[in-house]
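Beneath this line is the structure, given in structure tokens, with notes to follow.
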Amino acid sequence: MDYLKGLNEPQREAVLHTEGPLMIVAGAGSGKTKVLTTRIAHLMANGVDSFRILALTFTNKAAKEMKERIEHILGNSDARNLYIGTFHSVFARILRAEAHRLGYPNSFTIYDTDDAKSVVKTVINELNLDDKHYKPNTVYNRISAAKNALVGPVEYKNDYYIQQEDMRSNRPLIANIYDAYAKRCFKNGAMDFDDLLFLMYRLLKEFPEALIKYQSKFRYILIDEYQDTNPAQYEIIKLLAAQHENICVVGDDAQSIYSFRGATIQNILQFQKDYDDVSIIKLEQNYRSTQNILKVANDIIANNKGQIPKNLWTENATGEKIKLVRTMTDNDEGKFVADAIQEQKLRNHYNNKDFCVLYRTNAQSRAFEESLRRMGIPYIIYGGISFYQRKEIKDYIAYLRVIVNPKDEEALKRIINYPVRGIGKTTIDKAILYANENNITMWDVLERAKEFGYKAGTLEAIENFVLMIRSAQSMMVKHNAYEIAFHIGKQTNFVKELFNDKSTEGVARYENIQELLNSIKEWIETPLNEEDGEVGDKGLGAYLQQITLLTDADQKDPNADVVKLMTVHAAKGLEFQCVFVAGLEETLFPSGLSINSREELEEERRLFYVAITRAKNRLWLSYANARYRFGSLVQNEGSRFLEELPEEFLDRTFAGGGARNQGSSFNNTSAFDRMHGGFGAAAQAEKTYGPPPARKKETPSYLPPKPQAPKVVEHKPAADFVASDTSNLQAGQKVEHQKFGFGMVSKMEGSAHNPIATVQFELNGEKKIMLNYAKLRIVE
DNA sequence: AGCAAGCTCATTTTT
DNA sequence: TGAGCTTGCT
């Protein structure tokens, strides 16, 4: 019973309460994972067979961590056979075994978002609809939302309100697209991410034998991050738990941040009504953050209505005040963060991995990357395009997909003529047309190419291709995923082709393929779950299933000593010594798309709450006066959330042009800036903008008066306008700007990284031009 | 057929 | 800004 030591009272209670429905309301940093893992270990220590425990998480990372911690507690490897995983991966595994019931091959493909959107696009075009109006992205999101609400194509078409909505947006035919899309996926033997939930639900609902099988199998069910479950997940859980009712859900309504994906807090409230005697345990002691950080977080979230009442408290030290920093531009914000990290490393002996930079949108990462790179601080970005989304990797994998499931038209289209083998666009278009006309798959057409009147040369090319795929298919009986992958790379000249490309990108692509092959090999060598026979051992099918459900975060080493950059969403469940929350500006955080209703705004606020509560020791909040948004510099107001911060816990500073912000004896300038013109851009900027304003008490921040940009007299540059190298620009030179026209440089200032020219334009008067961004042509 | 240049358009967040 | 797509050229 050693594992019970080190738990506080409610934690212990949650672990020991094994029978019957239980809801754990776990505040940020209250030891939720510890409770979940100890609970599972406790069940196992008391003789529950690991096959009978189902634990569902939102990320593979969380699942993996839980498994490891359980193994650690138990001191053996019994945990290997637990059903721990994401909703998607666990359901994929079950669906693989039950696919036949739904009319799917058990070798079904899982389409990622890109594949799915591509099918949507294909279908839109085939229905002769305009893809400018029916944008694949929009339509896909609509379909996705429908599936997550368990609305199938038929219900979609028959639902009055949904139809009204589509009428209003002038897209009445989405129902038809949805229907065609679902049929096409089925024909391709493919499920998209949402299908893994939707079809799992249908499996349990429509096939009582399947329902009984899994209901009785899973005697104990645990759900992590319950506040982020959507209706599909909710219904599935309910069905699975109905027999034993040993269901434990863990969540925090204050951290619900996925409503855009259909998640609803209603599930938390509904849970209490679904079962007769639900026990509720609250974990309210925070072990993560300083008092100051927690105080700020609590104050922020108190602005939301209708929270489950909780009192999150901590015994930790008071800690430092929260630093609120304003900069001129997003690039300055980047520089400020890199500077501050450097300073903290020196002053407080932190490692790189103690720092995390959080932002609202992935696009914001650029400024931080640049400044960190310039300072030589190693970093890693979570959430960009993942390894498996790179073109060469997707192409390579497409071969494997076709071998496993030749009905997969998306994969087939990718590789049928790559590397080039004389099966061009015309041939492919024809094949798809024939397939649609005869209601067969594209692969069927290729196999029976003779019947469709292709020219001799084309026919030969097709037949060779079909033979090659078939021979690889026959390998599946005796060979594992690695052997087949290696074989196909050689056979198709895929690898050789990349090897011969000596351009920088070519070399990188070749290396990526090598890395892919290595990772397949590695996967082959890791031991199986005992019960995994049903998934198909180390075959290609099992491999493919596994990688499509892998997230970007799963591919990166969380222990590497590097600064981490990620969106707030991606940071859920993580913690860091030092956290920077950047881009706290209206229309960015909160997002401009979420300020029109209270619900959306409250979700943004929860997101901010999640961001703040990632920090253990030190927290910086930053925002920029102006930032580059789709190409041009846009002014922004500070976020309304900043006004909700309790003033007494804040330390306000201004860090204009990337200077150090506080305290050091050299005051506000970096050595570099001092060498290049006194106080540099920072001091200059401070004169212009002043320090960040303290909280305005009365003025509501809604609809802030927009500072009117001075009207520009448009200048049409010559067609051959070419920006000059302005690194040696001097006062007195004459220049041309694309928008402002001709002018004379009157003054040069700023640092060498960030030179600023003051120009007297003939038509537009005096402007300050940041040479790093603007394009100027030197006239003389 | 294949490639390069130019054009348009989008930006929330992710399994 | 930059990705993806169409157009036009070879």
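A note on names: the letters A, B, ... follow the listed sequences, proteins ahead of strands, and every chain is numbered from 1. These numbers come from a predicted model, not from an experiment.
Using a 4.0 Å heavy-atom distance criterion, A:S632 is classed as making no nucleic acid contact. Counting any heavy atom pair closer than 4.0 Å across all strands shown, A:F87 reaches no nucleic acid atom. Within 4.0 Å (heavy atoms only), A:N137 reaches sugar-phosphate atoms of the nucleic acid but no base atom. Here A:V420 lies in heavy-atom contact (under 4.0 Å) with sugar-phosphate atoms only. At a threshold of 4.0 angstrom between heavy atoms, the contacts of A:N362 are confined to the sugar-phosphate backbone, with no base atom among them. Among the atoms of the strands shown, none is found under 4.0 Å from any heavy atom of A:S89. Using a 4.0 Å heavy-atom criterion, one finds that A:K135 contacts the sugar-phosphate atoms exclusively. Heavy atoms of A:L549 sit nowhere under 4.0 angstrom from any nucleic acid atom.
For the pair A:K455 NZ and B:dA1 C1', the computed distance is 12 Å after rounding to whole Å. The nearest whole Å value for the distance from the NZ atom in A:K61 to the C1' atom in B:dT14 is 12 Å. Between A:F589 atom CZ and B:dT13 atom P the separation is 12 Å, expressed in whole Å. Distance CD (A:Q255) to C1' (B:dT14): 17 Å, rounded to an integer number of Å. With rounding to whole Å, A:Y628 atom OH is found 12 Å from C:dG2 atom P. Atom pair A:E602:CD and B:dT13:C1' shows a separation of 18 Å (rounding to whole Å applied). Atom OH in A:Y258 sits about 6 Å away from atom P in B:dT15, given to the nearest Å. A straight line from CG of A:D224 to C1' of B:dT15 spans 14 Å, rounded to a whole angstrom.
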ask   = Between A:L584 and A:F608, does a side chain to side chain contact (heavy atoms under 4.5 Å, CB included) hold up when you go through it step by step?
value = CA-CA 9 Å; A:L584 282 161; A:F608 186 38; 3.7 Å; yes
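Environment of NZ in A:K64: sparse, with no more than 12 heavy atoms of neighbouring residues, nucleotides or ligands closer than 6.0 Å. Counting non-hydrogen atoms of neighbouring residues, nucleotides and ligands closer than 6.0 angstrom, the CD atom of A:E370 exceeds 12 such neighbours.
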request  = Go along nucleotides 3-10 of chain C 5' to 3' and tag each nucleotide: B for a protein heavy atom under 4.0 Å from its base, S when only backbone or sugar atoms are that close, - otherwise.
outcome  = --S-----
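Both the sub-6.0 Å distance and the 45° axial angle are not jointly satisfied by A:K572 relative to the ring of A:Y258. Remark: A:K564 is not positioned above the aromatic ring of A:F576, lacking an NZ or CZ atom under 6.0 angstrom from the ring centre and at most 45 degrees off the axis. For the pair A:R261 and A:F193, the cation does not sit on the ring face, since its NZ or CZ is not both under 6.0 Å from the ring centre and inside 45° of the axis.
Side-chain proximity of A:F630 to C:dT1, B:dT15, B:dT14: nearest is C:dT1. The side chain of A:R261 approaches B:dT15 more closely than any other nucleotide in the set B:dT12, B:dT15, B:dA1. Here B:dT12 is the nucleotide among B:dT12, B:dT15, B:dA1 with the atom lying nearest to any side-chain atom of A:R360.
With rounding to the nearest 0.5 angstrom, the OG1 atom of A:T329 is 12.0 Å from the CG atom of A:N636.
Salt-bridge check for A:R360 with A:E604: passed, with a basic side-chain N closer than 4.0 Å to an acidic carboxylate O.
Contact annotation: A:S594 side-chain N/O to B:dT13 OP1/OP2 distance is not under 4.0 Å.
Under the stacking criterion of a centre-to-centre distance below 5.5 angstrom and an interplanar angle below 30°, A:F260 sits stacked against the six-membered ring of B:dT13.
Comparing the C1' positions of C:dC5 and B:dT12 gives an interatomic distance of 24 Å, to the nearest angstrom.
Closest-nucleotide positions on DNA chain B for A:T567 and A:N417 were compared, and the one nearer the 5' end corresponds to A:N417. Remark on DNA chain B: of its neighbouring residues A:T113 and A:K425, the 5'-side contact belongs to A:K425, judged by nearest-heavy-atom nucleotide.
A:D395 pairs with exactly one of A:R414, A:R390, A:R509 by the salt bridge (charged side-chain N to carboxylate O under 4.0 Å, His left out) rule, that one being A:R414.
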